[in-house]
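These numbers come from the heavy atoms of this one structure, side chains and all, not from hydrogens, waters or symmetry mates.
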Amino acid sequence: MEYVSALILPGLLVLLFTRVTYNRIIGLVLTVALIAGSVYKGYTSTFVLIVIDAFSLTAGFWLAAKMRPRAVKNS
């Protein structure tokens, strides 16, 4: 369950924060800060989970970049 959550949730958080702040860099930074806090507190226990989180962050950042031109175009 941890691995599935690590694969999906960080990417969704990047998308959520990007939609809220209208800036994908800030969305990425906020998500990285949340993950860094969870690693510091010990909730992320293995290196593999950190790598999966990084992959999900990258995918979410890429999707946020794809989402942005469409949102600007419709405005």
- Message: Between L34 and F17, does the side-chain contact (heavy atoms from CB on, under 4.5 Å) criterion hold? Intermediate values first, please.
- Response: CA-CA 12 Å; L34 283 174; F17 288 143; 3.7 Å; yes

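Under the 4.5 Å side-chain contact rule for hydrophobic residues, F61 and I52 do not share a cluster. Hydrophobic clustering places Y3 together with L7 (ILVMFWY residues linked when any side-chain heavy atoms are closer than 4.5 Å, directly or through intermediates). Grouping the Ile, Leu, Val, Met, Phe, Trp and Tyr side chains by contacts below 4.5 angstrom, directly or via other members, places I26 with L13.
Here the shortest heavy-atom pairing between A64 and L15 reads N-CD2, 3.6 Å.
For residues 25-38, the set of pairs meeting the side chain to side chain donor-acceptor pair (under 3.5 Å) definition, not counting sequence neighbours, comprises S38-T44.
Members clustered with Y40: none, using a 4.5 Å side-chain heavy-atom cutoff among hydrophobic residues.
The side-chain heavy atoms of V14 and R24, taken from C-beta on, include no pair separated by under 4.5 Å. Side-chain contact between I8 and V4 is present, with at least one heavy-atom pair separated by less than 4.5 Å. Taking the side chain as every heavy atom from C-beta outward, F55 and I50 never approach each other to under 4.5 Å. Residues S56 and L9 fail the side-chain proximity criterion, which asks for heavy atoms closer than 4.5 Å.
Residues passing the side-chain contact (heavy atoms from CB on, under 4.5 Å) test with V32, sequence neighbours excluded: L28, L57.
Atom CG of L63 and atom OG1 of T18 lie 10.0 Å apart (nearest 0.5 Å).
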